[in-house]
**Student:** 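I have a structure I would like to understand better, so I am pasting it below and will then ask my questions one at a time.
FYI, the numbering just counts along the sequence from 1. Being a predicted model, the structure only gives us computed values, none of them experimental.
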Amino acid sequence: SSREAAEASLRVYTLGEFRVEHGGRKIASGDWGGGQARQLFKCLITRRSHRLPLDDVYELFFADSADAADSTLRTTIHRLRRIIEPNVKSTESVILSGRADGVAFRRDAAVWIDAEVFERLLTDARHAGDPLPLLEQADQLYQGEFLPDDPLEEWATPRRETLRQQWIDLQLELARVQEQRGSIDA
């Protein structure tokens, strides 16, 4: 919802384009550094409710530098924290949790992600007396493919396909509801 978006200090847009805003300021492409921090961040948002085990992180992002993977990962996590929480010490991060068993978003992190809101609107519409406003909000939120700049990243594919199918189902449901309304109004 727009209230949630206003309360979240970090806003992540993944549908149609990838964009991150912190405190209303867009994080520029150059701010991400070499790209590993950006890709790790994207991977984490595809599985926001799950910790990404360190073995998976090493395999996905540091397979070419196995010898230096541990220090490279620490550097990448440090950079990522500085990007998404520029005024917070790493040990006091309220968004990112990096531990010996993996990396994840903190469960209580105030992060607004358009794909999550899209899915929540669809779920809420199923239980609403009048689903049309929620369906229309979801339709407006879906601006295109999930992480369209990463079509070959295997970690993004399942989420992309799920969201695409939900969007197709949304189009069918919107047509059905609008047709019902048309026949009722006629």
Side-chain angles (χ1 to χ4, degrees), residues 1-120 141 143-160 163:
S1 74
S2 57
R3 183 181 59 75
E4 287 175 357
E7 291 174 1
S9 63
L10 194 66
R11 294 176 56 107
V12 183
Y13 297 86
T14 60
L15 300 171
E17 72 169 322
F18 176 71
R19 185 174 85 238
V20 181
E21 296 174 358
H22 182 273
R25 180 187 70 83
K26 180 181 176 184
I27 297 174
S29 295
D31 293 346
W32 292 96
Q36 285 178 322
R38 180 181 168 123
Q39 290 307 102
L40 177 58
F41 181 81
K42 288 178 179 182
C43 186
L44 291 173
I45 61 176
T46 65
R47 56 182 81 204
R48 181 157 129 93
S49 60
H50 298 79
R51 180 167 294 282
L52 184 60
L54 290 184
D55 289 345
D56 291 354
V57 175
Y58 293 141
E59 184 179 320
L60 289 168
F61 301 105
F62 307 107
D64 297 340
S65 58
D67 296 338
D70 195 45
S71 70
T72 305
L73 175 59
R74 280 196 306 272
T75 301
T76 301
I77 290 172
H78 178 74
R79 175 180 291 131
L80 182 53
R81 283 181 170 145
R82 289 184 51 123
I83 293 165
I84 63 175
E85 296 180 286
N87 302 317
V88 177
K89 292 180 184 174
S90 291
T91 57
E92 298 170 2
S93 173
V94 295
I95 295 177
L96 199 61
S97 168
R99 300 192 322 235
D101 63 337
V103 184
F105 279 106
R106 294 190 184 280
R107 293 192 190 279
D108 58 349
V111 178
W112 180 93
I113 301 173
D114 61 355
E116 289 180 356
V117 175
F118 171 77
E119 290 179 308
R120 194 168 331 134
L141 204 52
Q143 295 294 307
E145 290 283 310
F146 178 75
L147 297 177
D149 297 336
D150 301 294
L152 302 178
E153 295 289 359
E154 290 181 21
W155 46 260
T157 301
R159 185 90 169 108
R160 179 179 298 115
L163 289 162

**Student:** Do you know which two heavy atoms are closest between Q143 and L15, and how far apart they sit?
**Tutor:**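 Heavy atoms of Q143 and L15 come nearest at CB-O, 3.2 Å.
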**Student:** Can you list everything that forms a ring-ring contact (aromatic ring centres under 6.0 Å, His included) with Y13? Sequence neighbours excluded, please.
**Tutor:**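 Checked Y13 against ring-ring contact (aromatic ring centres under 6.0 Å, His included); matches are W112.
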**Student:** Quick one: closest heavy-atom pair of P148 and G16, and the distance?
**Tutor:**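 Distance-wise, the nearest heavy atoms are CG-O, 3.3 Å.
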**Student:** So do D56 and W155 actually touch side chain to side chain, heavy atoms under 4.5 Å?
**Tutor:**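 Side chain of W155 against side chain of D56, heavy atoms only: no contact under 4.5 Å found.
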**Student:** Under the ring-ring contact (aromatic ring centres under 6.0 Å, His included) test, which residues partner F146, sequence neighbours left out?
**Tutor:**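 F146 satisfies ring-ring contact (aromatic ring centres under 6.0 Å, His included) with no residue once adjacent residues are dropped.
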**Student:** Out of curiosity, F41 CZ to L10 CG, how far, rounded to the nearest 0.5 Å?
**Tutor:**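 Reported to 0.5 Å precision, the distance equals 5.0 Å.
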**Student:** Would you give the length of the straight line joining atom CG of L44 to atom CZ of R51, rounded to the nearest 0.5 angstrom?
**Tutor:**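 Going from CG on L44 over to CZ on R51, the span is 9.5 Å.
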**Student:** Rounded at 0.5 Å granularity, tell me how far NZ in K42 sits from CG in L147.
**Tutor:**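 K42 atom NZ to L147 atom CG measures 5.5 Å (nearest 0.5 Å).
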**Student:** Is a donor on one side and an acceptor on the other found under 3.5 Å between the side chain of R160 and the backbone of D150?
**Tutor:**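 Yes.
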**Student:** Let me confirm one number: the CD-CD1 distance from E85 to I83, rounded to the nearest 0.5 Å.
**Tutor:**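 If I round to the nearest 0.5 Å, the distance is 11.5 Å.
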**Student:** Any side-chain to backbone donor/acceptor pair from R79 onto A37? Under 3.5 Å, distance only.
**Tutor:**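 No; judged by distance alone, with no hydrogens or angles, the pair does not exist.
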**Student:** Got more than 12 heavy atoms from elsewhere within 6.0 Å of CD, E17?
**Tutor:**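 Yes, the 6.0 Å shell around CD holds more than 12 heavy atoms from other groups.
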**Student:** How close do C43 and L52 get, counting heavy atoms only, and between which atoms?
**Tutor:**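 Result for this residue pair: SG-CD2, 3.9 Å.
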**Student:** Between R159 and E153 (salt bridge meaning N to carboxylate O under 4.0 Å), is one present in this structure?
**Tutor:**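 Result for this pair is no, no salt bridge flagged.
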**Student:** According to side chain to side chain donor-acceptor pair (under 3.5 Å), who are the partners of W32, at least two apart in sequence or on a separate chain?
**Tutor:**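 Checked W32 against side chain to side chain donor-acceptor pair (under 3.5 Å); zero matches.
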**Student:** Show the nearest heavy-atom pair for residues A115 and T14, with the distance to one decimal.
**Tutor:**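 Shortest heavy-atom contact: CB-OG1, 3.6 Å.
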**Student:** Side chain to side chain donor-acceptor pair (under 3.5 Å) with E21: which residues, sequence neighbours excluded?
**Tutor:**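 E21 satisfies side chain to side chain donor-acceptor pair (under 3.5 Å) with R19 only.
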**Student:** Report the residues that fulfil salt bridge (Lys or Arg N to Asp or Glu O under 4.0 Å) with E116, sequence neighbours left out, ordered by chain and then residue number.
**Tutor:**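 Once residues adjacent in sequence are excluded, the partners of E116 under the salt bridge (Lys or Arg N to Asp or Glu O under 4.0 Å) criterion are R48.
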**Student:** Would you indicate whether the side-chain heavy atoms of R25 and D31 approach each other to under 4.5 Å?
**Tutor:**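 Yes, at least one pair of side-chain atoms sits under 4.5 Å.
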**Student:** So do the side chains of I45 and F18 get within less than 4.5 Å of each other, counting heavy atoms only?
**Tutor:**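 Yes - at least one pair of side-chain heavy atoms lies under 4.5 Å apart.
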**Student:** Any heavy-atom pair between the side chains of P151 and E145 that's under 4.5 Å?
**Tutor:**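 Heavy-atom side-chain distance check fails, nothing below 4.5 Å.
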**Student:** What residues, two or more places apart in sequence or in another chain, satisfy salt bridge (Lys or Arg N to Asp or Glu O under 4.0 Å) together with D114?
**Tutor:**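 Salt bridge (Lys or Arg N to Asp or Glu O under 4.0 Å) check on D114 returns nothing, list empty.
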